[in-house]
Amino acid sequence: MTLQALLVIAAALFGVGVYGALSQQTFVMIMMGLELMLNGAMLAAVAFWAQTSGGNPKGQLLTVVVMVVMAVEAAMGFALIIGIYRIRKADMTEKLKRLRG
Amino acid sequence: MNGGHDMDGMSMPVGDVTPEILLVVGAVVVLVAALFLRRERQWWCPLLAMVALASSAVAAFAMLGGGQSSTFFGTYAADDAAVWAKLIILAITAVVLLMSIEWFAADARGGELYALLLLSAAGAIVLASATDLMGVLLGMLLSSATGYVLTAYHRADARSGEAGIKYYLLGALTNGAMAYGVVLLFGLGGTTTLEGLADSLIGADRVGLIAASSLVIVGLAFKLGAVPVHAWVPDVADGAPGPIAALVTTAPKVGAFLALTRVVLILPEDALGWRLLVAVLSAGTMTLGNLAALWQDDVRRLLGWSAVSQSGYGLMAVVALGRSELALPSLLFFLLAYAAANLAAFGVVVELRGRRDRGAYAGLATARPLLALALVVSFLSFVGIPPLAGFTAKLSLFAATIDAGYAWLAVVAVINSVVSLVYYLRVIAPAYFEPLVAPIPVLGQWAYGATLFSAVAVIALGLLAGPFIDAFLRADLLPG
Amino acid sequence: MAWIVPLVPLVGAAAVVMSRRRPHVAATVAVTAAATAAGAGWWAAATAATGTWRWGEGLRLELAVTGLAQVMVVLVPAVAVPVLAYAASAMRDDPGLVRLLALLQVFVAGMLQLVAAADLLTVLIAWEIVGACSWGLISHQWRDPTRPTAALHAFLTTRAADLGLLAAAAVALATTGSMRYDTLGELRGWPVHAVSVGILLAALAKSAQVPFSPWLFSAMAGPTSVSALLHSATMVAAGAYLLARTVPELGAAGWLPGAVVGFGLLSAVAGGLVATAQTDLKRALAASTTAQYGLMFVAVGSGSVAAAGAHLVTHAIFKSLLFLGAGIALHAAGSGYLGALRLGRALPFAAATFWVGALALAALPPLGAAWSKEEILSATVHRGAWVGAGVLLASLLSALYAGRLAVLAYGPGEPVAGERPTWPERAAVGALAATSVLLGVLWIPALGERVEALTGGDLAAGAAWELPVSLALIGAAAVAVRTLARRGHLLDLALGQRLTAFVAGWFGLSTLARVAVVDPVLALSRVLARFDDRVADAGVRAAARITEALSRSLSSWGERTFDGTVLGAARTLKAVAAGSWRFDDGPVDGFVRGTAAGTVLLASGSRRFDEGGVDGTVEGLARVTGVAGRRARQLQTGLSHHYYVIVAAGLVVAVAVIAFGR
Amino acid sequence: MSGVTLVDVAFWVFGAGSVLAAWLVFRVDSMVRAAYWLFASFVGVGFVMVLLNARFLGLVLVLMMAGEMTIMAVFMVMFMMNPAGLNPMTMVHQHRTAVVAGLVSFVALAGVGLVSDFPDRPVDRGQDPTEALGVELLGESMLIFEIAGVTLLATMIGAIALASKRGRYGDAQAGSVAPELPDSAPSGTLEPAAETSMDHSGHGMGHG
Amino acid sequence: MLSAAIFVPVLAAVLLLVWPRLDERGARRVALLGTAVPLALMIVAWLRFDGDGGFELVESMSWIPSIGVSYRVGVDGLSLPLAAMSALLFLVAVAYPADLRGRPRQYFAAFLFLEGTSLGLFLALDLFLFYVFFDLGLVGMYFLIAVWGHGDSRRSALKFFIYTWAGSLAILLGIIGLALSADPVTFDMAELIRQQPLGADGLRAVLVFLAFGVGLAVKIPTVPFHTWLPPAHVDAPAPASAILAGVLLKMGTYGVVRIMLSMMPATFERFALPIGILAVVSIVYGALVALAQTDLKRMIAYSSINHMGYVILGVSAAAAAGAGDIDSRTLALSGATLEMVAHGLITGALFLITGSVFARGDTYEIDHFGGLASRAPLMTSAILVGSFASLGLPGLAGFVAEFQIFVGTFAVEPVLAAFGLLGIVITAAFFLRMVQRAFFGALPERWARWPDLGRSEGVGLAALLALVIVIGVAPSWVLDVIDAGTSVIVGP
């Protein structure tokens, strides 16, 4: 359970998240990709807290903050998706291209 | 008011965050009041919100030149730069609030709206004042979250929703990236306070620093509307409710610029080419913004792209940070000038009930001479025609950049300014040179007043730049 | 105080303009003013008046009535008196009479300043004013479009050469700090040559010497009174006068006298030939003017300012006399064609005066003109035998054409029922003829010193053979004229029409000037104007093309490279993660394809825009920028996932910059 | 660390598991399944946190994500009125670019982890991390904590304002538009003509 | 007092804008008053001017002290004649009849605003202030051309604005570069002239010089930066053309003398020869292109390019410190300055006349006219005086200036001067050709009712042309003032 191993796993989670965010069509799936990116960030934060910061509690707090980011983004995402679905029946990026140029 | 590291007493220097507290309290009060007020009494909400903004501004003003700058154990700044940013943000929010009264008159959710406006201001303020990476992250989040909602606030308007979701998608992605960057910085430096990092990052591993700093800088670029995370700006300017478009392209930028200056100051310059990166972002942002605005026939999108390009100019100050003593003053003055001009420009659009087609501005000078004048003043300020505020801002930006040895960037900015003149004139021309074809309905007196106030501010700031530049020159900036 | 001299006719001009409603009064005023000017000139000459006018720091205009100026300040207004009187009478029905009189006054004023000037700047100013007045006078009958064109020709020819004087003045001031005649001697090195060339150029053109002579023909487009003044004491006289004043000072330019003699001799002979061949009375007189001033040049070049000055005076009198006579003939016959005049019987008084002038032109003693010509001959003989021979040839020619003109114009012939001269006209020619005769006093040897004093030069001692030879030549000329007249070939000279026409037309000099100078300049200007309308655009257009080609190749390059990278990476990945998922082998991803297609489309569209485009720099620049602008907007596809790609790509760039941009 | 301990085995199981689960989020063909794989991935990370002695954080994470994933699943099934939330679906675009981006970010960040020289200051095992967190929250970083709270408050207000079906005075949708311009649709003219068809022609996830 | 000259017109402009009930006559009266006051003030300033070197009548006020910016105005021998000429030209232009397109208040307000900025520019003693007025002038002129112009006026106005503004931004960079080189940072002209913060060499000096050079070359304009000028002139209303040629172009040449020559003479000396060559190219090229024009206004516009070439030639001669003595160089610089004044008066008058022609004939095509002299002797006289003055006839103002320029240049670069002389001949050719084609010859039937100059036209033109003659005959009163300024600039 070395730092390197932890960071590789965190990077893998982040990378999968990036892939998802870029490749998915539906908003909900994109959100999942975004959450996975944050998941990787959280893992890295805890890993750093445990291995390089000498147990600085700010590391834990950072993890909490990332969690807050995750929660807020999820809530906002859902609210916005509901809103757009109500009026445009749109659930994927391809359907929203009125604003362009 | 002393921020001693006295853990036992647990006495928190709450006084240092009075403006923020007033805002949050104000938001709650507005919400609660909205709950209990009958519909015809809902006008209390904007009034209360205004009171909150005003009191917060008074509290912030009292902190000017306080001398003591770090508070809450190094996680928060009470330096002059932060206070000025607060004042600018509060002023922006107040103007936007005035514009909102009539624009949202038909909307029943006034309480939420004004509460969110206050919270949005709080978010931008946190962004401007945080000296802890977590604070920066949360400031981004608070400012973004309120921004998404406000952008999508017209629930029955397809554009509004689309703008909101695009704003959100980009914001969420960059927030994720930035979070990882912050985590990496924590890993490298063992702490999240900028003060601590400024020491511990010296000699830190270069590879890690490269990844972390580019993630964080690009993350902050989102709020600035800078390349490569600029795509939301025109969409929000286009789709969001008029006053909100003015707010979202203005207030968070103030916070984000301050945050960016604080962050880049802790990056070891010998290991990182952050200065060049910011310069490249600056050049790219202004160029892309101007080029894309060039053929816009939609005035609101045009304003959006112009907001992008203006961010590029602002980044010039960041490039000069630490190399020219004019860097911070020019940045603050630029923000002030930009905010005034941007509010005036959007204010005209708002007062014209969101009129967007360039051709539909025909005859504006005949029908609404003062509005047309406000439009001209704000546009010419964007372009940098003296003696408007935008000119002094550009002059000091150019001076700072040249002083810092980045003359090429100033040249790029000059070329861009010339390009930008074209599209601004493309709007001004019909307003002045074409006859009125149809009556031009307007929104109402509050928005009108707010617009004219902003336009007057553009002129006044240009003529009375001296005291401001002086004050900004004296301002301190953490982590110094 | 010497400024009074040019001021008098100037005031006269103003008075003439003020009395424009009553032409009679105007005429009287004009003549009186000229007479007053002559009086003022006399006074100035007598008191050797000087005057200065401060111009600016280190620059002042100076007048000094010394040397030859003493004669000229009297001569110029004196000649103007009869000319003005004649003009007022001859043009009495012309609505532009007042303008003509006023302009003639200004003309005289300019000439007075010119002759009284003591430095190059003052002379330059007067010089140009005289030139401009000549333009106005020649185009007096402006309703006829050919006359202003002729005026322009005359003006441009002289003005082009005038720049020589401007340059001379500038060089003199720049090198010695002064433009006075008497400091010209301080010049050394290249400046002295530059000044000499400049002055010579200006003088040649003003005095209508070869190769500038043809402008005098254009000047014939003006009224006869104008010609009378212009050829005698003003304008054309200026060249010879200036040389008379400056050549002695420019001793450091050793080549100058020779050049002056050369050009003078050439003009004297060529002008004589032209005058002999001409079939138009006024033109023939004009050519004779060139020839006579050629003789004065020869005198100046030979070092005898006195002879030149004396000839200047005598020539002024008889030439104005001849022109006025020609004007009367013109009035009577309606044309100046020499074949249709022979007014001797119709207008006996005019004929008599004209004959006096012609004999003076032929230099028949004891007329004053003969004396001055003899003095020139004496001076040139000292200079060299070939010069003397040239002068003799020129005298022969002048006698020949003088006789020819007199016979053809006022010889005995059928009376024509034309207009008779009025009394002022008769008075004018009468006075001039009388003066011409009176000038015979010059033959009195005792007056030689007086002439030397008045002209500021020395007279050369004449050789005994000169006068008889001259007389013999005149006799020969008379015989020739008589013979030709008997045979009826006095008009066409029996030389063949083409040859006479060629000679009479100044040997094609006019055409040469047009082909060699005017046409090329006009063509160049048109080419440049067309170039100018497109120039900036052409540059920008080229830039647009280059940008466009670049962007097109870039986009195709990008298509291949970006896609190739992606494809390659994908293949690798496919191998690594074999089987776990299927890979999309379809067409390239929308974004890449869209961008590529968009840029290609734009490139072709912008080319079309370009080719049908408009002129001008800003438009051109805007076109380049505009193409870029449209392309930039293509990035904003409206699709969020494309924005994600932009962010990702931007991050990669950011990492690269921050890593390598230290 | 010498030798392979039980902790190491557990770490690799959970770590690799969470990555695999993350991967499967985008490979399964229904959204609900995807949601549960996402939850699984978070659980994996939560356990790794526990292994790293951050028990409290791990627990919070798992609990929070459990809630969120439930909402997500419900959301998809109920709100989108898509009983086929379980229906097969692979809806991807710009796949190749996405793969490249994912790989590049993985390689880059993993590279940072492997190559970079981080300080070596492991946490003191004797310390109670939860208590330390508490002290931090109420001490030095109290402001951060408060800001987080305000952020959550703002999120709640905003989410309700956006999503609630009914407003205070009836339909929340009513009146929630830009001020009207006399001539045309709200906010002016300039509507791209070809665009309206996109809104209502459903392709992709079936609805209705 | 000088500030009043700047701000009275501006205030009058504001008054016009906010007084909606004012009719055309009232607006004209306000405008006349607003332009007469600065002229009176400039006359007073002229009388109070000592000419003992240095700046006089200085008024200053702190503006942005921390970066050395302040509001400073004052005059010296260079700026006083230019400002006075501008004030006169503005009065005449405002009084001149024009097609107001039903917007009299705005028209006069634009003029007054432009006057304020123009005077401000010449009187400014602070680079910041200088730039402020420099740009504001563009804005005013843009509106004047775009709204009250004819033909394709909006495009021409746009081209004018963008092109010249690009130039002015280059100047801005130069100003910043210069101000930053001073220690402490200052925009004070007098201080910068004293310090001369940039030496002859060094990349920075060259770059700053180039920035100024390019920017001012656009404004002047010299070949090849001139392409904005002809369309702007042709499409502008005549009074605006007069101001554009008479005042705005002078801003460029004034900047060359005031900034490039005074603040960086060492660098200028290095570049004196190439700049002189550029000037000669402008002279000859402008004249040749003018010769080919068939459009009256375009022809005069190109003649402006030609005349600005003389100015630059004189300045470059004055800059060549190594090659000429002080007297010649002072002479050249005084000549260049006087040429600015003379050209303002002469070309201003000529453009005003073209306005009268256009108002009567609705075209600028020279060949559409002919024989106008019989119907309009006053107009013919005016254009004759103007033409002769422009082609450099002695006794008129242009000659005095051009003579001094050539004297100075012959002392420094005789070859250049000789080439420059060519322009004079060509100028004579095209002006007189124009006069005889449009005003001489037979009168076409369609112009049988061509009216002569009216009173408001005649008085203004008479004032300008009378001054042209007065300066031409007795230049010392102007030259003494000018010399007071130029001798300081050229002096050791």
Pair B/Y168-A/M31, side-chain contact (heavy atoms from CB on, under 4.5 Å): steps then yes or no: CA-CA 10 Å; B/Y168 162 76; A/M31 277 172 60; 3.4 Å; yes

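- Listed for the B/Y148 side chain is no donor-acceptor partner under 3.5 Å among the backbone atoms of A/G77.
- Taking each heavy atom of B/V183 and A/F48 in turn, the nearest pair found is O-CD1, 3.4 Å.
- Note: A/L22 CG to B/L173 CG = 7.0 Å, rounded to the nearest 0.5 Å.
- Scanning both residues, B/V182 and A/L62, for their nearest heavy atoms gives CG1-CD1, 3.8 Å.
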Candidate pair A/K58 and B/T193, rule side-chain contact (heavy atoms from CB on, under 4.5 Å), full reasoning: CA-CA 9 Å; A/K58 284 188 195 295; B/T193 61; 3.8 Å; yes

Verdict with supporting geometry, A/I87 and B/R155, side-chain contact (heavy atoms from CB on, under 4.5 Å): CA-CA 8 Å; A/I87 49 171; B/R155 290 175 45 158; over 6 Å; no

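- The choice from B/A292, B/A152, B/G171, B/A145 that makes the most heavy-atom pairs within less than 4.5 Å of chain A is B/A145.
- With a threshold of 4.5 angstrom between heavy atoms, B/A163 approaches chain A through its backbone and through its side chain.
- A pairwise comparison of heavy atoms in B/E162 and A/I84 identifies N-CD1, 3.2 Å as the closest pair.
- Minimum interatomic distance between A/L38 and B/A179 (heavy atoms only, all atoms of both residues): CD2-CB, 3.9 Å.
- Every salt bridge (Lys or Arg N to Asp or Glu O under 4.0 Å) that B/E112 has, sequence neighbours left out, goes to D/R168.
- Contacts with chain B were tallied for A/G59, A/G33, A/A79; A/G59 has the most, counting heavy-atom pairs under 4.5 Å.
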Trace of the side-chain contact (heavy atoms from CB on, under 4.5 Å) decision for A/R98 with B/D238: CA-CA 10 Å; A/R98 179 176 292 186; B/D238 184 355; over 6 Å; no

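- Between chain A and the options B/K166, B/R301, B/Q296, B/M140, the largest number of non-hydrogen pairs under 4.5 Å is found for B/R301.
- Taken from CE in A/M70 to CG in B/L141, the straight-line distance is 12.0 Å, to the nearest 0.5 Å.
- Ranking A/E35, A/M37, A/M76 against chain B, the residue ahead of the rest is A/M76, based on heavy-atom pairs under 4.5 Å.
- Looking at every heavy atom in both residues, B/G187 comes nearest to A/T52 through O-OG1, 3.1 Å.
- In this structure, B/F186 and A/W49 approach most closely via the heavy-atom pair CE2-N, 3.7 Å.
- Going from atom OG1 of B/T192 over to atom CG of A/L61 covers 7.5 Å, rounded to the nearest 0.5 Å.
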